[in-house]
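Every value quoted in this text rests on a predicted model; they were computed, and no experiment measured them. In what follows, every heavy atom counts, from backbone to side chain, and hydrogens, waters and symmetry copies are set aside. Every chain is numbered from 1 and lettered A, B, ... according to where its sequence line falls, protein lines coming before strand lines.
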Amino acid sequence: MIIPLRKVCGIAYLCSRWILRQPAWLIQNVLTLIGFSILLYAWGGVEGLRYIIIAWIIGGLWSTGVNIVAQEVGWHRMMYLHDMLIASPIKPVHYLIGMFITSLIFPVIGLLTMIPLAYILNAWNIMLISLIMGLPVLLTSIMVGLIIVMRIEKPVNISAITNPIAWLLVILPPVYYPAWILPQPLRYVALIIPTSASAEISRQLIGLGASISIWYPLTVITVWIIIGILLASRTIKWGLE
Amino acid sequence: MLEAVIASHLAKIYRNGIWGARDITFTAKKHKITVLLGPNGAGKTTTVKMLTTILKPTKGKGVVLGYDIVKDSWEVRKRIALCPQDIRIDPNWSPWEAVKGFLMTRGWSIKDAERETRKWLEELELWDIRNRPSIHLSGGQRKRIAVAMVLATNAEVLFLDEPTTGLDVESKYKVWRALRTVVRNGGTILLTTHDMKEAEIIGDKIVLISQGKVTAQGTVEELISRIPYQYKVIAKNVRSNPLVSGEDKVLNLEDRLIVYAKTRNEALSIASQIEAEIISISEVGLEDAYMYLT
């Protein structure tokens with residue numbers, strides 16, 4: 001048990017170096033959250049702030065997989081560290097867990113920043129439900145990120161692919177805003193995305209209004225996880241290609 | 001079992017139909033440095049990638065320390081370490097972090113990893129810059145970090161794919177000394193290079209590879225003994241050459257000429273026949289063996 005743990009720690013140690021050397025990324029994360037909070041409060045008052053808690057947690061967890069994990073794996077492939085790790089006693093599960101732990105720094109910082117907000121609004125239940133609903137999003141996003149990064153020939157372009165996916169699937173569909181503002185038929189399309197589906201479930205469970213039967217986003221999330229697992233298991237390879 | 005690595009008719013054809021290796025057969029003994037020597041594109045890297053379980057051979061069989069590289073790939077991986085040809089060290093990592101972190105990924109305790117990191121950073125003369133992020137280091141220093149990461153693992157078989165390419169002479173010597181230290185302490189190394197001098201200086205066994213095939217293998221002395229010549233004359237500013245170009249003993253390089261001879265007397269006689277400035281008359285070496293045997 002101790003040796004696999006050391007391997008995971010080794011990966012986390014190596015992967016965390018860039019974050020420690022470039023803390024500006026974390027500062028940017030915190031300041032963006034503060035900026036969005038002010039923006040939503042200005043336009044939506046206290047209710048707007050409730051929305052941002054849901055959106056920030058789900059959006060942050062989505063970005064963790066699609067953006068950070070995928071870019072890190074792409075970076076390792078580009079630098080040939082990936083080859084060094086394949087030709088070593090480390091297993092892909094240790095590698096992925098190590099990287100995952102490191103990438104959690106970003107959502108954890110986001111959560112810590114949100115604590116004063118949750119305290120003022122007494123919105124602990126919103127944080128908890130969003131976190132629970134964010135877990136399938138996180139799982140899906142890691143699989144999507146890995147599928148993309150393992151399939152592309154030249155991972156040097158990885159951020160050009162994952163950044164727009166990470167950003168657009170949070171900002172465009174109803175993650176920051178309620179789905180009921182959309183016309184009925186469009187809601188089905190907008191909620192086919194894992195981020196908006198999870199946000200919709202969270203909003204319904206919290207009592208921020210329902211725009212569609214809860215079974216629809218629940219089915220969407222389940223389908224994403226199943227397809228993600230199937231595709232990821234076929235795409236992700238660890239050597240012997 | 002004396003053989004650390006056995007490659008038997010290994011071949012790799014990529015998905016686009018291009019071959020990476022056609023027929024690679026050789027053995028590498030334990031506690032020795034075996035050098036895969038050949039030009040760029042000969043198939044050295046593909047061979048290393050197959051033996052380190054990164055690529056699956058299209059044909060043939062590979063065995064590392066008694067384990068089949070395809071069927072027992074996990075057993076192989078537990079016992080090897082690889083320094084890839086194009087390895088680039090993360091610009092955010094310092095030498096200390098790179099070596100220590102890499103050892104941790106292999107299951108080492110922090111204490112052991114730090115002890116071994118210190119040893120190899122000192123050996124490769126990186127200790128004084130151990131805490132400097134590699135973005136501030138030279139290309140040679142970064143390459144030495146990669147070598148230190150691999151040598152520090154103490155893996156039973158180390159694969160180093162062109163570890164000294166792009167290094168200055170001084171850095172090359174530091175790496176060569178470190179490699180010989182590993183072997184002297186019981187390690188086994190399989191190294192690739194296109195540098196004849198490097199192969200001649202550090203290799204215990206040389207495997208010549210050309211166009212994806214092994215053309216000859218043996219010690220430097222064995223390979224040289226397979227050429228029917230013992231001396232060579234190198235001449236420049238050639239004004240007249242009575243020798244017939246195209247014979248295997250004459251290499252015509254426009255205004256320069258290399259002529260092989262069986263004895264020293266023959267070499268001296270050739271030198272007197274050519275109207276040119278004689279650069280040198282010397283014994284043949286690995287480079288000549290390579291030209292002759294491939």
Side-chain angles (χ1 to χ4, degrees), chain A residues 1-26 68 71-99 101-102 105 150-151 153-156 237-241, chain B residues 12 14-16 45 48-57 64 69-71 73-94 97-110 112-113 133-135 142 146 149-150 153 155 157-159 161:
Chain A
M1 188 59 202
I2 188 87
I3 289 178
L5 196 66
R6 284 177 185 162
K7 292 176 184 175
V8 167
C9 290
I11 292 291
Y13 176 80
L14 287 177
C15 292
S16 60
R17 297 302 95 189
W18 72 271
I19 303 171
L20 298 178
R21 289 242 149 75
Q22 300 171 44
W25 291 105
L26 292 174
I68 302 171
Q71 286 185 24
E72 193 72 16
V73 174
W75 183 247
H76 291 168
R77 280 186 63 200
M78 240 166 56
M79 310 285 275
Y80 292 91
L81 176 69
H82 210 247
D83 284 358
M84 283 180 96
L85 293 173
I86 290 169
S88 85
I90 196 166
K91 294 199 170 178
V93 65
H94 307 137
Y95 175 65
L96 288 175
I97 295 173
M99 253 187 339
I101 290 171
T102 313
I105 293 174
M150 291 294 187
R151 281 200 75 86
E153 282 277 312
K154 291 190 167 69
V156 68
K237 291 216 165 151
W238 191 255
L240 289 180
E241 287 182 67
Chain B
K12 178 72 185 175
Y14 292 107
R15 269 180 236 152
N16 54 11
T45 297
V48 166
K49 283 190 170 182
M50 287 191 282
L51 291 169
T52 53
T53 76
I54 293 164
L55 292 177
K56 190 176 184 178
V64 176
I69 54 171
V70 178
K71 289 182 201 149
S73 54
W74 285 112
E75 293 302 322
V76 173
R77 288 170 184 173
K78 282 182 203 168
R79 295 164 172 82
I80 62 169
L82 164 72
C83 180
Q85 182 183 353
D86 297 314
I87 181 72
R88 279 179 280 163
I89 299 297
D90 190 310
N92 292 296
W93 296 354
S94 68
E97 290 166 341
V99 180
K100 176 184 159 186
F102 188 60
L103 294 179
M104 286 164 68
T105 68
R106 297 178 65 98
W108 288 50
S109 69
I110 294 175
D112 290 345
S134 72
I135 195 168
R142 287 201 292 267
M149 285 165 78
V150 173
T153 62
V157 185
L158 305 176
F159 292 84
D161 194 359

Quiz item: Any idea which of B:Cys83, B:Ala146, B:Ser109 has the most non-hydrogen atom pairs under 4.5 angstrom with chain A?
Solution: B:Ser109

Self-check item: Top contributor to chain B contacts, counting heavy-atom pairs under 4.5 Å, from A:Pro89, A:Gly239, A:Pro4, A:Ala12
Solution: A:Pro89

Exercise. May I ask you to name which of A:Asp83, A:Ile11, A:Leu20 has the most heavy-atom pairs under 4.5 Å with chain B?
Key: A:Asp83

What pair of heavy atoms forms the shortest contact from [X] to [Y], and how long is it?
X	Y	value
B:Leu82	A:Ala87	CB-CB, 3.7 Å
B:Pro133	A:Arg21	CG-NE, 3.7 Å
A:Gln22	B:Asn92	NE2-OD1, 3.0 Å

Quiz prompt | side-chain hydrogen bond (donor to acceptor under 3.5 Å, both in side chains) partners of B:Gln85, counting only residues at least two apart | solution = B:Thr45

Please state whether the side chain, the backbone, both or neither of [X] comes within less than 4.5 Å of a heavy atom of chain A.
X	value
B:Phe102	both
B:Ile89	backbone
B:Ile69	backbone
B:Ala98	backbone
B:Trp74	side chain

So, do [X] and [Y] sit near enough that their side-chain heavy atoms are less than 4.5 Å apart?
X	Y	answer
A:Ile86	B:Thr53	yes
B:Ile87	A:Met84	yes
A:Leu14	B:Asp90	no
A:Met79	B:Pro84	no
B:Trp93	A:Leu81	yes
B:Glu97	A:Tyr13	yes

With rounding to the nearest 0.5 Å, note down the distance linking [atom1] in [X] to [atom2] in [Y].
X	Y	atom1	atom2	answer
A:Glu241	B:Leu55	CD	CG	7.5 Å
B:Asp161	A:Tyr80	CG	OH	10.5 Å
B:Met50	A:Leu240	CE	CG	11.5 Å

Practice problem: Scan for side chain to side chain donor-acceptor pair (under 3.5 Å) pairs involving residues 88-97 of chain A, sequence neighbours excluded, and state none if there are none. | Solution: A:His76-A:Tyr95

Self-check item: Residue part contacting chain B, namely of A:Trp75, when any heavy atom lies under 4.5 Å
Solution: side chain

Quiz item: Does atom CH2 of A:Trp25 have more than 12 heavy-atom neighbours, drawn from other residues, nucleotides or ligands, at distances under 6.0 Å?
Solution: no

